Participant: 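First the structure, then my questions, so here it is.
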Amino acid sequence: MSTAKTRLVGFVCFAIVLTFFSLPLRSEEAASDAAPANTKQDDIAPTPTPSSFNSPSRLPQSPTSGESVLRIKTPLSKYPDTKKNRSQNDGPLKISRILDGNEVKPKAKPPEPAPPIESKPVTPIQPAPAMPKPEPVASAKPSGGLQWLVAGKAQRSQVVALWGEPASQSIVDGRKLLVFNAAGFERAEATFQDDTLETLFLVLQEPTSADQVRQQLKIVESEGAKVHDEFGVLLGLVYPERGALFSYAPQERQFLVESVVIQRPTAEAFLIRAKGYQADRIEAKLADLNAAVKLESFNASAWHEIAILQRRLGHMPDALSAAQTAASGVGAKPEYRLTRALIQAEMGQYDDALNVTKAIAENMAMPKEVRARAYCQWGDLVARGPSEDVRSALAHHQLSIKLAAEEIRNPLDEVRRAAKLILVDAHLAVASDLAAGQWQNRELTVPKWVDSTDAFVANLVEKEGFSRELELARLQKAIAAFNYFESDYDTTESVDAILSVGRQLLSQTSDPSYQTVIEWEMSQALIQAVTIEQNRGEFDDAMRIARETAALLEHATQTRQLSISDRMTLGNFYFRVGAAQVVSKGDHDEAIRWYADAEKQFKHSDIKNVACGQRGEALASMAVSYWESGRHQQGLDLTEQGANLLKQGVDAGENQIDSLIAPYANLVTMYESQGNAAKQAEYAGKLAKLPKPAAEAVPRR
């Protein structure tokens, strides 16, 4: 073929390849503006604008080798050229790619543009006349001793015994840098501090698979994690226990290792792997994060990850302690203060949480996705806080949507994913705001806001690598929204989805901590469904769901440190299920089985000053079933406890004074039946002082 024809064919092939790799840029879903434009408050419930995500084109997928996947914010720096034509007199090689080690690093320099790649004909490499052809990397002769070259332990004498005397040596940043002619490597450099190996830099003779390099270096006990830059470009692998970093060769689509750095174990390496683990490996994540903070006690990012995991596990004091360290640690970000504020609010420190969240939301200097998260959290705190101001909450949630929608096409993985996740939370929060308030047409608008999140969650799971547990979170919040008002919402489909997704996640993990997290999240969603079915009068369906929920809670609560909110939620759940047995079947014995668990929660010391009136009404109501079942003393004691709590609720303004009529009347009858005239007279006197006349002095059912 002529030279002209050859060039023409080459040009056509290049054009085809270029076109092929540009197609994903145009194949993603259409973009959307997810936020309703008008945040003005009125009595008409806003309707969401139809929306979908538009992710940037994804880069080539790495081979599925079982390694953890990771995104890091800053790419690894490039080494100087290490090809064979490099002169050994060019000066010592600067080790610039070490991750947060103890080495003294050179001053940062602005990145230089990469030189253009010139196309050169590939010619076979001829071995040097005086040396035999080296064996493949996987079986190179020096591999037998490389496992002893551990940073911080190996001595100069061991390296010299393995590779011979160095070809050159110099001093770099107060450390000795030795260059060796090592068989099997194009370049081998080592730095020493007082003759102890600090770092080892190896350039392979040709790009090689990671498994081969692992075998050569005897790195078999350490699980690796993939290292990406903030745009998703795969850079290499890291093995934290050995302090090893494998760098992939540029322009290599087969993901072959070009060079290796071995250093002392660093916090950053353990943090990289912890973040890269799949969601169902909570215990492995915590192990690596604890290793990171052991190496760097004030690593803010590691403490923040610990806080998030401890909160999910229900270990709230530990979560708050970790969040406080993260908020003031090295490398702290505004997001860490938001996490701390969220945990504070859940532990009852509402005012502090609100002030911090508000300050971040209104700070125009903050990144949009951070302000969007803050506005969403601000709305949640206002809606669920003492004021329960759903109108203000709605305004904050809509601002959150507006800000987050502007970042869903951001090429930075961390920013784009955060924005998408915020959109899911904010849309569901708007649905709850509309459901809880007195809005017109909420029966129509609430389902639309809930349904709009379905595409968002699907995008995060299918395109951004999120776990399907995100579907559980969505279903829980969606069902909760329908609990605020009477509707014909049938929970059957949602309950089936909760059980299906949850069981799939449980079947795919052997991590005990993750199992309890999923069981807890499933139970919280099902509790909402039970309430809706009871309100609809579907007691058989409610009972079926309640039994599933109770089985999940039995295991999920064994290691969870229940918060005040958790105890109130569980107490109400068990009480309502028991009460439904009385209302639907008149079965007091079955009701008592559920009331026993409700009583444990409502009488716990952690909530002795919380919702006194609400708990008092529940205890007084439960007491009737004990009395009717012949357990008179238990019924009397529980009625008296309920009456005392109700009195505290009346004194605090939580309850109306007439709420005391029923328990006082019951106590009069109960003490009369026991022949206790003094107690009968005491409660008869209290009953007479109430503003309304007493009903019949018999236990209320």
Side-chain angles (χ1 to χ4, degrees), residues 61-72 99 210-211 214 219-228 232 234 236-244 246 265-295 299 301-315 318-319 322-323 326 339 413-414 417-418 421 457 460-473 501-522 552 555-556 558-561:
Q61 294 293 323
S62 57
T64 55
S65 60
E67 307 282 3
S68 303
V69 179
L70 167 72
R71 304 286 191 263
I72 61 172
L99 298 175
D211 287 340
R214 284 185 68 186
I219 304 176
V220 293
E221 76 287 353
S222 179
E223 183 175 356
K226 291 187 176 72
V227 182
H228 296 74
L234 185 59
L237 299 170
V238 64
Y239 298 89
E241 288 85 357
R242 184 67 183 276
F246 292 6
T266 65
E268 183 66 16
F270 282 102
L271 180 59
I272 282 172
R273 190 170 65 183
K275 289 183 177 181
Y277 282 133
Q278 296 297 317
D280 63 351
R281 299 188 63 183
I282 290 180
E283 295 191 359
K285 284 175 178 282
L286 282 174
D288 275 2
L289 292 170
N290 287 328
V293 297
K294 186 176 181 180
L295 290 168
N299 187 302
S301 182
W303 281 113
H304 183 245
E305 294 294 323
I306 291 173
I308 292 172
L309 291 176
Q310 294 291 11
R311 175 177 174 265
R312 294 197 68 195
L313 290 168
H315 304 161
D318 292 338
T339 299
D413 282 0
E414 184 178 1
R417 290 171 179 170
L421 193 59
V457 172
L460 285 165
V461 172
E462 295 170 7
K463 295 192 175 183
E464 300 290 6
F466 277 71
S467 167
R468 290 192 70 193
E469 66 189 70
L470 190 59
E471 297 176 21
L472 289 180
V501 173
R503 287 167 179 167
Q504 180 185 16
L505 292 172
L506 290 173
S507 68
Q508 294 174 344
T509 183
S510 58
D511 188 305
S513 295
Y514 186 72
Q515 290 173 348
T516 60
V517 166
I518 294 301
E519 288 169 342
W520 176 260
E521 292 177 355
M522 290 174 66
L552 292 168
H555 184 256
Q558 289 180 2
T559 58
R560 188 177 183 87
Q561 299 173 349

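Note that this is a predicted model, so its numbers are computed, not measured.
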Participant: For the pair Arg214 (side chain) and Ile219 (backbone), establish whether a donor and an acceptor sit closer than 3.5 Å, ignoring hydrogens and angles.
Facilitator: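 Side chain of Arg214 to backbone of Ile219, a donor-acceptor pair under 3.5 Å: yes, one is there.
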Participant: Might you point out which heavy atoms bring Pro265 and Leu295 nearest each other, and give the distance in Å?
Facilitator: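 Closest heavy-atom pair between Pro265 and Leu295: O-CD1, 3.9 Å.
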Participant: Report yes if the side chains of Thr516 and His555 come closer than 4.5 Å at any heavy-atom pair, otherwise no.
Facilitator: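 Yes - at least one pair of side-chain heavy atoms lies under 4.5 Å apart.
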Participant: Holding to salt bridge (Lys or Arg N to Asp or Glu O under 4.0 Å), I want the full list of residues that pass it with Glu283, two or more places apart in sequence or in another chain.
Facilitator: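 Residues passing salt bridge (Lys or Arg N to Asp or Glu O under 4.0 Å) with Glu283: none at all.
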Participant: Suppose we screen for side chain to side chain donor-acceptor pair (under 3.5 Å). Which residues come up paired with Arg503, at least two apart in sequence or across chains?
Facilitator: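 Side chain to side chain donor-acceptor pair (under 3.5 Å) check on Arg503 returns Glu548.
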Participant: Measure the CG-OG distance between Leu286 and Ser513 for me, rounded to the nearest 0.5 Å.
Facilitator: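 Leu286 CG to Ser513 OG: 7.0 Å, rounded to 0.5 Å.
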Participant: Test Leu237 against Val227 for side-chain contact (heavy atoms from CB on, under 4.5 Å), laying out the working first.
Facilitator: CA-CA 6 Å; Leu237 299 170; Val227 182; 5.8 Å; no
Participant: Give a yes or no on whether the backbone of Tyr277 and the side-chain of Lys285 come within a donor-acceptor separation of less than 3.5 Å.
Facilitator: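 Looks like yes, one N/O pair under 3.5 Å.
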Participant: State which residues pass salt bridge (Lys or Arg N to Asp or Glu O under 4.0 Å) with Arg312; sequence neighbours excluded, sorted by chain then number.
Facilitator: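 Glu469, Glu521.
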Participant: Determine, stepwise, if the pair Ser467 / Leu505 fulfils side-chain contact (heavy atoms from CB on, under 4.5 Å).
Facilitator: CA-CA 9 Å; Ser467 167; Leu505 292 172; 4.0 Å; yes
Participant: So, for Arg273 and Pro240, which heavy atoms are closest and what is the spacing to 0.1 Å?
Facilitator: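 Residues Arg273 and Pro240, closest heavy atoms: NH1-CD, 3.6 Å.
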Participant: Give the C-alpha distance, both sets of side-chain angles, the deciding distance and a yes or no for salt bridge (Lys or Arg N to Asp or Glu O under 4.0 Å) between Arg281 and Glu223.
Facilitator: CA-CA 13 Å; Arg281 299 188 63 183; Glu223 183 175 356; 2.9 Å; yes
Participant: Only counting residues at least two apart or in another chain, list the ones meeting side chain to side chain donor-acceptor pair (under 3.5 Å) with Ser222.
Facilitator: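 By the side chain to side chain donor-acceptor pair (under 3.5 Å) rule, Ser222 matches Glu241.
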Participant: Please report the closest heavy-atom contact between Ala292 and Ala267, naming both atoms and the distance.
Facilitator: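 In this case the closest contact between Ala292 and Ala267 is O-CB, 3.4 Å.
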Participant: Whether the side chain of Asp318 engages the backbone of Gln310 through a donor-acceptor N/O pair (distance < 3.5 Å, no angle test) should be reported.
Facilitator: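 Checked: no pair found.
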Participant: Going through the distances and angles, do Leu289 and Asn299 end up as a side-chain contact (heavy atoms from CB on, under 4.5 Å)?
Facilitator: CA-CA 10 Å; Leu289 292 170; Asn299 187 302; over 6 Å; no
Participant: Mind checking salt bridge (Lys or Arg N to Asp or Glu O under 4.0 Å) for Glu519 and listing every partner two or more places apart, or none if nothing turns up?
Facilitator: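 Glu519 satisfies salt bridge (Lys or Arg N to Asp or Glu O under 4.0 Å) with no other residue.
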Participant: What heavy-atom pair brings Val293 and Asn290 nearest, and what distance separates the two atoms?
Facilitator: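 Distance-wise, the nearest heavy atoms are CG2-O, 3.3 Å.
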Participant: Could you work out, with side chain to side chain donor-acceptor pair (under 3.5 Å) as the rule, every residue matching Gln508, not counting sequence neighbours?
Facilitator: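 Applying side chain to side chain donor-acceptor pair (under 3.5 Å) to Gln508 gives none.
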Participant: Working to the nearest 0.5 Å, report the span between CD of Glu464 and CG of Asp413.
Facilitator: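 Nearest 0.5 Å value for the CD-CG distance: 6.5 Å.
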Participant: What are the two closest heavy atoms between Leu271 and Ser301, and how far apart are they?
Facilitator: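 Distance-wise, the nearest heavy atoms are CD2-OG, 3.4 Å.
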Participant: Heavy atoms, side chains only, cut-off 4.5 Å: are Leu313 and Thr559 in contact?
Facilitator: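 They are not in side-chain contact.
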Participant: Looking at Tyr514 and Asp511, what are the two nearest heavy atoms and their distance?
Facilitator: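 Taking every non-hydrogen atom into account, N-OD1, 3.0 Å.
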Participant: Before you tell me yes or no, could you show the steps for Ile518 and Leu472 under side-chain contact (heavy atoms from CB on, under 4.5 Å), namely the whole-Å CA-CA distance, both residues' side-chain angles and the distance that decides it to 0.1 Å?
Facilitator: CA-CA 9 Å; Ile518 294 301; Leu472 289 180; 4.1 Å; yes
Participant: According to side chain to side chain contact (heavy atoms under 4.5 Å, CB included), who are the partners of Thr339, at least two apart in sequence or on a separate chain?
Facilitator: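 Expected list: His304, Ile308, Ile343.
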Participant: Hey, does Asp288 have a side-chain heavy atom less than 4.5 Å from the side chain of Ile272?
Facilitator: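 They are not in contact (no side-chain heavy atoms under 4.5 Å apart), so the answer is no.
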Participant: Taking only residues two or more places apart in sequence or in another chain, which ones pass side chain to side chain contact (heavy atoms under 4.5 Å, CB included) with Ala473?
Facilitator: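 With neighbours one apart ignored, the set is empty.
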Participant: Taking side chain as C-beta onward, heavy atoms only, is Leu506 less than 4.5 Å from Met522?
Facilitator: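 Yes, at least one pair of side-chain atoms sits under 4.5 Å.
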Participant: Kindly say whether Asp280 contributes a backbone atom to a donor-acceptor pair with the side chain of Thr509 at under 3.5 angstrom?
Facilitator: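 Looks like yes, one N/O pair under 3.5 Å.
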